[in-house]
Amino acid sequence: MEEALAKIRPHTTSNLAHQKAPANLLQALESTFQEKHTDRTPTAYFAALITTLDGSIQKKETSLGDGDVLPAELYLLALVAPFVPPPVIQTNLNTLLSLTAPLFPALMAHAPPLRSQLTLYNAVFRALDKSQLDVSAVRQSFASILQLCLDPRPKVRKKAADIVKDVLSFPPSPLIRHPYAQRVAEWAHIALQQASSGALPKSKSSGKGSDTPAAETAIHLLAFLRPVLPNLPLDAIPPITTTLLTLPRLGNPYLSQAAYSILSDLFTASTTTGTASAIEQIPAVLNAILESPPAKTDNSISPSWIRVLGDAMFAYHVADASACAAEFNKVWKTVWSYFETKHPQTRKAVAESLALLTRCITSSIIKDSISDGETGKSPLRSIISQITKALDSLAFASAMQELLSVISALISNLGVRVDPAKSTTATEALLMPLVSKIADLRVQKGFEHKEAADAVLSTAMRVVGPAVLLAAIPLNLEPSDRQAGKEPRAFLLPMLNQPHPSLLGHFVSYFVPMSERMFNLQQKADSEGRQSEAKVWSVLVAQIWTGFAGYCHAPSDIKTALTPAFSQLLSQLLYSQPDLRPPVLRGLKALIESNNVIASQVDTDMGESSTPDNAITPEQASQNLAFLKTQVESWFAVFFNVFGSVDRDNRGMVGDVIGVWAGLAEKQDIAKAYRKVVDLFRQSLQQSDNGNTTAMTQDLLILLIPFLDAQDVAALFSTCLAQEVLCHKDNGVQKRGYKILAKLLEKGKVEEDALQTFQHVAGSAYRESMTSVDGFTRGPNGRIKFNKDTKKRRRENEDEDGDVEMADGAATATKKNKRPMDPKLGHEFKAKKAGGDVKKGGVDPYAYMSLSQAAKKKGRNRTGIAGKRS
């Protein structure tokens, strides 16, 4: 509030009357506050303004000109009211209403004070409780504000609409819906009926090329209705929906677009909030919309009309899937007929609506299409045939990108299993010829929509998996394929790195041999000096192994695919192929995490899993985890060796995998791994110049801390308290030692005496570092001195030591000379005029001394703080 008032105060000298009047009034109020020693609180301002308004009305000073006092009072009241505590407004409600409510008729012709009055009432309505909302004057004021929602003045209309929206959005506690919601719904319904019949009064504002008065007012009404609809009673929605469908008959394109857009929003909200009353109207709405289609050349109404069809169908599917299926083919044909338009927004609306319609395909529609055969005439077969022909049609050339997005949505929504006992999906059974056709288009030289085609193929890869997709669309990457004239499809390899239903065994049997052949080709090309070709094969091998993680998302064949031979291959790649190490680590991490997620997705109440159709069951995931537990010990050895062989910057990913596998390991596996690491840690402490090994083992210990039992925690705590760790010559070892101690203390399993020991040993370690041969000592004057046998450290810190010496000044030089300073030294340089310098405490403020030759030579060798020789 103070920030807003501060902007008004400077206008006391303004030449504009509507700015000067509020500023003068505010100055007068604050002068009164100062005289009476009143704090400038919102309540004080509110009370003073009410008193001032009462006086103005009693004196009949009700003029509403720019410089008059009444508009200034309303303006300041509107500014202060939102900050006034609600109990204050509730207490003074009768006084406030008696003063301001009678002003509405006079304010109608004056927009600025009317807007101030509306802002004031916004704060008043939101502060009232349920009982006060039934007061007659309150209800009448709200009715006046409702009428202003159709005012021809935009600012007034918006202010009134905002009040209604805010009031309905914040009902008084403990109500869920505001008591005025029903009244607003009835008023909106009556206003819509009047607009539809043309019975509304003519608007005062008619712009250039004005529309009919009814249509113009209806546009204002729909703009008001859109944000208010979610807060209206559910039983009030059907009559409003019915009336909205009659508005396009007025012939106004903006009105039709707004009406369809509101209907679309209404159906979208019904799918998320379960608005049953809106869903009951869907059959009637569908019939009414289908009976009044816009012309295909009408680019203003068509997008909204098409979107409302898609939203209505999806809401219908959520409410009654079988009834929606009966209308599916009819609505699809209607929407599809607009696909050939040249208007981009209409094509986009068609694609969005058809994508929603693909979500309305039921299992009965799918089964009918599969049983019908490839030459059948079922609705879904007809749709697939229609899409396939459109890919080659010149009429759909401009809509190719939108058409491909519809195909992608169709592939995604047909990814359900036809038979629960089999892994075949509806996409595999019905759409693979269409997917193959898109792959052929993708490799054509003149094809311009490669990104959209890649999105379709990526969706197919995710739904059916590489095993099915590559059987229909071969990669054709090897020399034999090129010699046969087959077009390569290397663009499919980056799509492997996403979860899909193919088994891990497919990667082992298909991609592992392929990568080995490509690696041999790379070696051969490299040895023969064909560096470009070698690089190509290297990139292909890397892309193949990047897709390894996609096969590791909860495959059902872990027991048979993760054989000792394949595990050995993975270990060799981790050891010897740095470029392939990250994808292999991601895959091994995904094996654990994906199975953990599915194993935990069991509804405890129903006893059924919530996994998608292509995922394994929680029981299978638990079996996979049990098998992987048997592999933990051997994989720990591999991970630890790799962790020790890579540099510190590349240990993060290996550490993440160790942490994930450690969460799966049994206690005995953790204890065994811990003993190996801690033994290596202790051995490295006894060896000289072995800081890297010590730091590496400490990093491993930090990873294992969350999984250690109490006995191992206490032993590790004692080990890290040793001076060999805390006083190690490698600062990194020291820091890791303290980090381990901190994490062990956070674990809460360290005894109290261990903490006291830590404090004692830490203090001993600090004192040892202060007096050790390689450390430093502190002289009697507080100066830090390095020991004589640390010449290297002294040379490295020579500049810093020089700065410290210079900071000590003449006192240090005097101590080194061990001669008393002559009190008359520099006496001849004192000021002889004006009585000399001012003395404080009997000490001369300045002394000027000439330097000896030795001091001058010494000064030349000094280094200053800025690093320059003096």
Side-chain angles (χ1 to χ4, degrees), residues 567 570-586 588-589 592 631-665 668-709 712-747 758 761-762 765 769 774:
S567 299
L570 296 177
S571 303
Q572 292 175 354
L573 292 177
L574 291 175
Y575 286 136
S576 60
Q577 298 294 329
D579 294 338
L580 302 182
R581 186 180 296 137
V584 173
L585 288 173
R586 283 195 293 268
L588 293 173
K589 183 180 179 182
I592 306 297
Q631 310 291 313
V632 168
E633 182 178 357
S634 58
W635 280 111
F636 265 173
V638 174
F639 294 149
F640 289 172
N641 290 334
V642 174
F643 191 87
S645 64
V646 300
D647 54 25
R648 294 182 180 180
D649 295 336
N650 295 323
R651 288 176 182 170
M653 181 174 290
V654 186
D656 292 341
V657 179
I658 292 175
V660 171
W661 278 74
L664 179 67
Q668 58 269 21
D669 295 328
I670 295 291
K672 190 173 181 180
Y674 162 73
R675 285 192 294 270
K676 290 181 180 179
V677 176
V678 80
D679 289 343
L680 182 60
F681 173 56
R682 290 167 179 163
Q683 292 174 9
S684 64
L685 289 175
Q686 305 302 323
Q687 301 173 2
S688 59
D689 298 330
N690 205 19
N692 291 334
T693 303
T694 306
M696 181 271 295
T697 54
Q698 286 177 305
D699 289 337
L700 286 175
L701 289 173
I702 291 173
L703 293 172
L704 295 176
I705 284 176
F707 311 101
L708 299 181
D709 56 22
D712 291 335
V713 166
L716 180 59
F717 193 87
S718 301
T719 301
C720 291
L721 279 174
Q723 294 186 11
E724 291 83 356
V725 178
L726 301 181
C727 302
H728 199 278
K729 60 184 179 181
D730 189 337
N731 290 336
V733 174
Q734 294 182 26
K735 292 179 181 178
R736 287 174 174 82
Y738 284 111
K739 185 176 182 180
I740 292 174
L741 293 173
K743 286 186 173 292
L744 292 175
L745 288 173
E746 291 173 1
K747 194 172 178 62
F758 164 69
V761 174
S769 65
D774 292 332

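In what follows, every heavy atom counts, from backbone to side chain, and hydrogens, waters and symmetry copies are set aside. In this chain, residues are counted from 1 in sequence order.
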Trainee: Would you check if K676 and L680 make a side-chain contact, meaning some heavy-atom pair closer than 4.5 Å?
Mentor: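 Result no, sub-4.5 Å side-chain heavy-atom pair not found.
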Trainee: Is W635 close to L570 at the side-chain level, that is, under 4.5 Å between some pair of heavy atoms?
Mentor: yes
Trainee: What closest approach, in Å, do R648 and D730 show between heavy atoms, and which atom pair accounts for it?
Mentor: NH2-OD2, 4.5 Å
Trainee: Which heavy-atom pair separates S571 from V638 by the least distance, and what is that distance?
Mentor: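 Answer, listing the atom of S571 first, then V638: OG-CG2, 3.6 Å.
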Trainee: Evaluate the side-chain proximity of L700 to F681: yes if any heavy-atom separation is below 4.5 Å, no if none is.
Mentor: no
Trainee: Roughly how far, to the nearest 0.5 Å, is CG of L726 from CG of L741?
Mentor: 6.0 Å
Trainee: Nearest heavy-atom pair of A665 and V632: which atoms, and what distance?
Mentor: CB-CG1, 3.4 Å
Trainee: Between L716 and I705, is there a side-chain heavy-atom distance shorter than 4.5 Å?
Mentor: yes
Trainee: Could you tell me if the side chain of N650 sits less than 4.5 Å from the side chain of R581, heavy atoms only?
Mentor: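 Answer no - side chains too far apart.
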Trainee: For a quick test of reading the model, state the closest non-hydrogen atom pair linking A662 to F636 and the distance between them.
Mentor: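 Nearest heavy atoms, A662 then F636: CA-CZ, 3.6 Å.
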Trainee: Look up atom CE in M696 and atom CZ in R651, then write down how far apart they are to the nearest 0.5 Å.
Mentor: 6.5 Å
Trainee: Report yes if some heavy atom in the side chain of E724 is under 4.5 Å from a heavy atom in the side chain of R682; otherwise report no.
Mentor: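 Answer no - side chains too far apart.
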Trainee: Do any N or O atoms from the side chain of Q698 and from the backbone of V733 form a donor-acceptor pair under 3.5 angstrom?
Mentor: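 Checked: pair present.
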Trainee: Could you grab the distance from atom NZ of K743 to atom CZ of R736, nearest 0.5 Å is fine?
Mentor: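 Separation between the atoms: 13.0 Å.
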Trainee: Give, for atom OG1 of T697 and atom CZ of F643, the distance between the pair rounded to the nearest 0.5 Å.
Mentor: 9.5 Å
Trainee: Determine the minimum heavy-atom distance between C720 and G737, stating which atoms define it.
Mentor: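 Minimum heavy-atom contact is CB-O, 4.4 Å.
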Trainee: First locate atom CG of L573, then atom CG of L585, and finally report the distance between them rounded to the nearest 0.5 Å.
Mentor: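 So the gap between those two atoms works out to 10.5 Å.
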Trainee: Could you check V646, L588, L580 and say which one makes a side chain to side chain contact (heavy atoms under 4.5 Å, CB included) with L574?
Mentor: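 The side chain to side chain contact (heavy atoms under 4.5 Å, CB included) with L574 is passed solely by L588 among V646, L588, L580.
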Trainee: For the atom pair CD1 (I658) and CZ (F640), what is the distance rounded to the nearest 0.5 Å?
Mentor: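 Nearest 0.5 Å value for the CD1-CZ distance: 5.0 Å.
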Trainee: Considering non-hydrogen atoms only, spot the tightest contact between R586 and M653 and give its length.
Mentor: NH1-CE, 4.1 Å
Trainee: Could you label the plane-to-plane angle of the W661 and F639 rings as parallel, tilted or perpendicular, counting under 30° as parallel and over 60° as perpendicular?
Mentor: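 If you compare the ring of W661 with that of F639, the planes turn out perpendicular.
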